[in-house]
Amino acid sequence: MSQLTRDFFDRDALDVAPELVNKVLVSPVGSGRIVEVEAYRGAEDPASHGHRGPTPRTEVMFGPPGHLYVYFSYGMHWCANVVTGPTGECGAVLIRALEPLTGVEEMYRRRPRARRDRDLCSGPAKLCAALGINDAHGGSDLCRGTDGLAVVDDGTPAPHPPTATTRIGITKAADLPWRFVAPDSVHLSQPVRP
DNA sequence: CGTTTGATGCTCT
DNA sequence: GAGCATCAAACGG
(Lines give C-alpha, C1' and ligand atoms only; values in the text may rest on other atoms or scores of the structure.)
Protein backbone atom coordinates (compact mmCIF):
# COMPACT_ATOMS: atom_id res chain seq x y z
CA MET A 1 0.00 0.00 0.00
CA SER A 2 2.15 2.89 -1.22
CA GLN A 3 1.25 6.45 -1.99
CA LEU A 4 2.16 7.65 -5.47
CA THR A 5 5.16 9.97 -5.58
CA ARG A 6 5.76 13.30 -7.27
CA ASP A 7 7.88 11.56 -9.89
CA PHE A 8 4.97 9.35 -10.87
CA PHE A 9 2.97 12.42 -11.91
CA ASP A 10 5.90 14.39 -13.35
CA ARG A 11 5.53 12.82 -16.80
CA ASP A 12 3.39 13.28 -19.88
CA ALA A 13 -0.32 12.85 -19.20
CA LEU A 14 -0.43 10.11 -21.84
CA ASP A 15 2.11 8.08 -19.88
CA VAL A 16 0.51 8.69 -16.48
CA ALA A 17 -3.09 8.00 -17.52
CA PRO A 18 -2.90 4.27 -18.28
CA GLU A 19 -0.85 3.68 -15.12
CA LEU A 20 -3.51 5.32 -12.96
CA VAL A 21 -5.96 2.60 -13.94
CA ASN A 22 -6.16 0.03 -11.12
CA LYS A 23 -4.75 2.49 -8.57
CA VAL A 24 -6.96 3.61 -5.65
CA LEU A 25 -8.31 7.12 -5.05
CA VAL A 26 -8.75 7.86 -1.35
CA SER A 27 -10.77 10.64 0.29
CA PRO A 28 -11.96 11.21 3.87
CA VAL A 29 -15.31 9.75 2.79
CA GLY A 30 -14.02 6.49 1.30
CA SER A 31 -12.05 5.04 -1.56
CA GLY A 32 -12.44 3.50 -4.99
CA ARG A 33 -10.37 1.71 -7.59
CA ILE A 34 -9.74 3.82 -10.68
CA VAL A 35 -11.28 2.07 -13.70
CA GLU A 36 -11.53 4.94 -16.23
CA VAL A 37 -9.42 8.04 -16.94
CA GLU A 38 -8.79 10.49 -19.77
CA ALA A 39 -5.58 12.34 -20.63
CA TYR A 40 -5.68 16.06 -21.47
CA ARG A 41 -2.64 17.96 -22.65
CA GLY A 42 -1.77 21.55 -23.37
CA ALA A 43 -1.45 23.60 -26.51
CA GLU A 44 -1.70 20.69 -28.94
CA ASP A 45 -4.92 19.35 -27.37
CA PRO A 46 -7.88 21.57 -28.32
CA ALA A 47 -10.14 19.65 -25.92
CA SER A 48 -8.01 20.63 -22.92
CA HIS A 49 -9.20 23.47 -20.71
CA GLY A 50 -5.63 24.74 -20.79
CA HIS A 51 -5.02 24.74 -24.51
CA ARG A 52 -5.16 28.54 -24.78
CA GLY A 53 -2.83 29.16 -21.87
CA PRO A 54 -3.38 29.64 -18.15
CA THR A 55 -6.42 31.49 -16.82
CA PRO A 56 -7.63 31.93 -13.24
CA ARG A 57 -9.68 28.78 -13.67
CA THR A 58 -6.99 26.58 -15.22
CA GLU A 59 -3.77 27.80 -13.64
CA VAL A 60 -3.37 24.71 -11.45
CA MET A 61 -3.10 22.65 -14.66
CA PHE A 62 0.13 24.56 -15.32
CA GLY A 63 1.34 24.12 -11.75
CA PRO A 64 3.35 21.32 -10.11
CA PRO A 65 2.40 17.68 -10.76
CA GLY A 66 0.42 15.63 -8.27
CA HIS A 67 -2.05 18.37 -7.38
CA LEU A 68 -5.80 18.25 -7.96
CA TYR A 69 -7.48 20.32 -10.69
CA VAL A 70 -11.18 20.59 -9.81
CA TYR A 71 -13.60 22.32 -12.17
CA PHE A 72 -17.32 23.14 -12.07
CA SER A 73 -19.21 21.49 -14.90
CA TYR A 74 -22.53 22.42 -16.49
CA GLY A 75 -23.45 24.67 -13.58
CA MET A 76 -24.01 21.70 -11.27
CA HIS A 77 -21.19 19.22 -10.96
CA TRP A 78 -17.60 19.01 -9.79
CA CYS A 79 -15.01 16.97 -11.72
CA ALA A 80 -11.47 16.11 -10.64
CA ASN A 81 -8.16 15.80 -12.50
CA VAL A 82 -4.65 14.93 -11.41
CA VAL A 83 -2.10 17.44 -12.72
CA THR A 84 0.78 15.87 -14.65
CA GLY A 85 4.08 17.00 -16.12
CA PRO A 86 6.53 19.66 -15.00
CA THR A 87 5.57 23.03 -13.56
CA GLY A 88 4.88 25.50 -16.34
CA GLU A 89 3.47 22.90 -18.72
CA CYS A 90 -0.20 21.98 -19.03
CA GLY A 91 -1.21 18.39 -18.40
CA ALA A 92 -3.93 16.57 -16.49
CA VAL A 93 -5.70 13.26 -16.19
CA LEU A 94 -9.46 13.33 -15.60
CA ILE A 95 -10.68 10.65 -13.20
CA ARG A 96 -13.85 9.38 -14.86
CA ALA A 97 -14.96 6.30 -12.92
CA LEU A 98 -14.20 4.25 -9.82
CA GLU A 99 -15.13 0.88 -8.44
CA PRO A 100 -16.26 1.71 -4.88
CA LEU A 101 -14.14 -0.02 -2.23
CA THR A 102 -14.62 1.56 1.22
CA GLY A 103 -17.11 4.04 2.63
CA VAL A 104 -19.87 2.70 0.40
CA GLU A 105 -22.58 3.50 2.99
CA GLU A 106 -21.50 7.13 3.09
CA MET A 107 -21.37 7.26 -0.72
CA TYR A 108 -25.03 6.22 -0.92
CA ARG A 109 -25.84 9.00 1.55
CA ARG A 110 -24.17 11.52 -0.74
CA ARG A 111 -25.76 10.08 -3.91
CA PRO A 112 -29.36 9.40 -2.89
CA ARG A 113 -30.49 8.48 -6.42
CA ALA A 114 -28.03 5.63 -6.70
CA ARG A 115 -29.76 2.25 -6.61
CA ARG A 116 -26.73 -0.02 -6.74
CA ASP A 117 -22.99 0.16 -6.32
CA ARG A 118 -22.31 0.72 -10.01
CA ASP A 119 -24.36 3.97 -9.86
CA LEU A 120 -22.13 5.52 -7.20
CA CYS A 121 -18.93 6.43 -9.05
CA SER A 122 -19.55 5.62 -12.75
CA GLY A 123 -18.89 9.15 -14.02
CA PRO A 124 -16.54 12.06 -13.29
CA ALA A 125 -19.16 14.11 -11.43
CA LYS A 126 -20.70 11.09 -9.72
CA LEU A 127 -17.43 10.07 -8.08
CA CYS A 128 -16.75 13.61 -6.86
CA ALA A 129 -20.17 13.72 -5.25
CA ALA A 130 -19.73 10.27 -3.75
CA LEU A 131 -16.27 11.09 -2.33
CA GLY A 132 -17.14 14.65 -1.28
CA ILE A 133 -14.70 16.34 -3.68
CA ASN A 134 -15.48 19.99 -4.51
CA ASP A 135 -13.85 23.40 -5.02
CA ALA A 136 -12.41 23.26 -1.51
CA HIS A 137 -10.05 20.58 -2.85
CA GLY A 138 -8.86 22.52 -5.91
CA GLY A 139 -5.05 22.58 -5.83
CA SER A 140 -4.85 19.95 -3.10
CA ASP A 141 -1.54 18.07 -3.08
CA LEU A 142 -2.20 14.34 -3.51
CA CYS A 143 1.42 13.43 -2.83
CA ARG A 144 1.46 15.06 0.59
CA GLY A 145 -2.01 13.75 1.36
CA THR A 146 -3.19 16.92 3.10
CA ASP A 147 -6.99 17.18 2.98
CA GLY A 148 -7.08 13.38 3.21
CA LEU A 149 -6.86 12.99 -0.57
CA ALA A 150 -4.35 10.64 -2.17
CA VAL A 151 -3.81 8.06 -4.88
CA VAL A 152 -2.29 4.80 -3.66
CA ASP A 153 -1.13 1.52 -5.13
CA ASP A 154 -2.59 -1.26 -3.02
CA GLY A 155 -0.65 -3.94 -4.86
CA THR A 156 -3.67 -5.57 -6.45
CA PRO A 157 -2.61 -6.80 -9.89
CA ALA A 158 -4.73 -5.65 -12.83
CA PRO A 159 -6.65 -8.59 -14.32
CA HIS A 160 -6.15 -7.10 -17.78
CA PRO A 161 -4.02 -4.25 -19.15
CA PRO A 162 -5.92 -0.98 -19.69
CA THR A 163 -7.65 -0.47 -23.04
CA ALA A 164 -7.27 2.82 -24.96
CA THR A 165 -10.44 4.28 -26.52
CA THR A 166 -11.75 7.69 -27.57
CA ARG A 167 -12.63 10.35 -25.01
CA ILE A 168 -16.22 11.04 -24.01
CA GLY A 169 -18.38 14.15 -24.03
CA ILE A 170 -16.11 16.38 -26.12
CA THR A 171 -16.49 17.81 -29.60
CA LYS A 172 -12.89 18.83 -30.32
CA ALA A 173 -10.19 16.20 -30.98
CA ALA A 174 -12.87 13.58 -30.36
CA ASP A 175 -11.01 10.93 -32.34
CA LEU A 176 -7.90 10.70 -30.16
CA PRO A 177 -7.66 7.42 -28.19
CA TRP A 178 -6.80 9.13 -24.90
CA ARG A 179 -9.38 7.42 -22.67
CA PHE A 180 -8.07 4.42 -20.72
CA VAL A 181 -10.34 1.88 -19.05
CA ALA A 182 -10.17 -1.38 -17.16
CA PRO A 183 -11.84 -3.42 -19.92
CA ASP A 184 -13.56 -5.88 -17.59
CA SER A 185 -15.07 -3.33 -15.20
CA VAL A 186 -18.82 -2.92 -14.71
CA HIS A 187 -18.24 0.53 -13.15
CA LEU A 188 -17.40 2.50 -16.32
CA SER A 189 -19.26 5.70 -17.22
CA GLN A 190 -19.95 4.10 -20.62
CA PRO A 191 -19.07 0.73 -22.07
CA VAL A 192 -16.12 0.56 -24.45
CA ARG A 193 -17.50 1.20 -27.89
CA PRO A 194 -17.18 -1.81 -30.22
C1' DC B 1 -33.22 -1.38 -24.77
C1' DG B 2 -32.44 3.39 -27.41
C1' DT B 3 -32.61 8.69 -27.93
C1' DT B 4 -33.98 13.32 -26.27
C1' DT B 5 -34.32 16.98 -23.09
C1' DG B 6 -34.25 20.02 -18.90
C1' DA B 7 -31.55 21.65 -15.07
C1' DT B 8 -28.23 25.29 -14.06
C1' DG B 9 -24.10 28.59 -13.80
C1' DC B 10 -19.30 29.52 -14.86
C1' DT B 11 -15.83 31.10 -18.53
C1' DC B 12 -14.33 33.33 -22.25
C1' DT B 13 -15.58 36.01 -26.63
C1' DG C 1 -24.41 35.14 -25.74
C1' DA C 2 -22.52 30.69 -26.85
C1' DG C 3 -20.56 26.74 -25.30
C1' DC C 4 -19.63 23.54 -22.22
C1' DA C 5 -14.41 17.18 -20.02
C1' DT C 6 -22.59 16.01 -16.89
C1' DC C 7 -26.53 13.59 -14.95
C1' DA C 8 -31.03 11.74 -14.57
C1' DA C 9 -35.66 11.60 -15.96
C1' DA C 10 -38.88 11.13 -19.69
C1' DC C 11 -40.26 9.20 -23.76
C1' DG C 12 -40.63 5.85 -27.84
C1' DG C 13 -40.23 1.16 -29.84
Check the distance between C:dA5's P and A:Asn81's CG and give it to me in whole angstrom.
->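 Answer to the nearest Å: 11 Å.
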Tell me, which of residues 28-58 of chain A have any heavy atom that sits under 4.0 Å from an atom in DNA chain B?
->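 Listed by number, they are A:Thr55, A:Arg57.
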Per A:Ser73 side chain, nearest of listed nucleotides C:dC4, C:dT6, B:dT8 |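 That would be C:dT6.
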Of the nucleotides B:dG9, C:dA5, C:dT6, which one has an atom closest to the side chain of A:Tyr71?
->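 Output: C:dA5.
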How would you label the contact of A:Arg167 with the nucleic acid (heavy atoms, under 4.0 Å): base, sugar-phosphate, or nothing?
->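 It contacts nothing in the nucleic acid.
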May I ask you to evaluate whether A:Ser189 reaches the phosphate of C:dT6, defined as a side-chain N or O under 4.0 Å from OP1 or OP2?
->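 For A:Ser189, the contact criterion (side-chain N or O under 4.0 Å from OP1 or OP2 of C:dT6) is not met.
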Pairing partner of B:dT8 (Watson-Crick or G-U wobble, both distances under 3.5 Å) |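 The answer is none; no pair meets the criterion.
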Distances under 3.5 Å only, N/O to N/O: pair up the protein atoms with those of nucleotides 8-10 of chain C.
{"unit_1": "C:dA8", "atom_1": "OP1", "unit_2": "A:Arg111", "atom_2": "NH1", "d": "3.1"}
{"unit_1": "C:dA8", "atom_1": "OP1", "unit_2": "A:Arg111", "atom_2": "NH2", "d": "2.7"}
{"unit_1": "C:dA9", "atom_1": "OP1", "unit_2": "A:Arg113", "atom_2": "NE", "d": "3.1"}
{"unit_1": "C:dA9", "atom_1": "OP1", "unit_2": "A:Arg113", "atom_2": "NH2", "d": "2.6"}

At what distance, to the nearest 0.5 angstrom, does [atom1] of [X] lie from [atom2] of [Y]?
X: A:Ser122; Y: A:Leu188; atom1: OG; atom2: CG; answer: 8.5 Å
X: A:Arg57; Y: A:Tyr69; atom1: CZ; atom2: OH; answer: 4.0 Å
X: A:Leu142; Y: A:Arg6; atom1: CG; atom2: CZ; answer: 8.5 Å

Carefully, step by step, assess A:Leu120 and A:Tyr108 under the rule side chain to side chain contact (heavy atoms under 4.5 Å, CB included).
-> CA-CA 7 Å; A:Leu120 290 173; A:Tyr108 273 104; 3.7 Å; yes
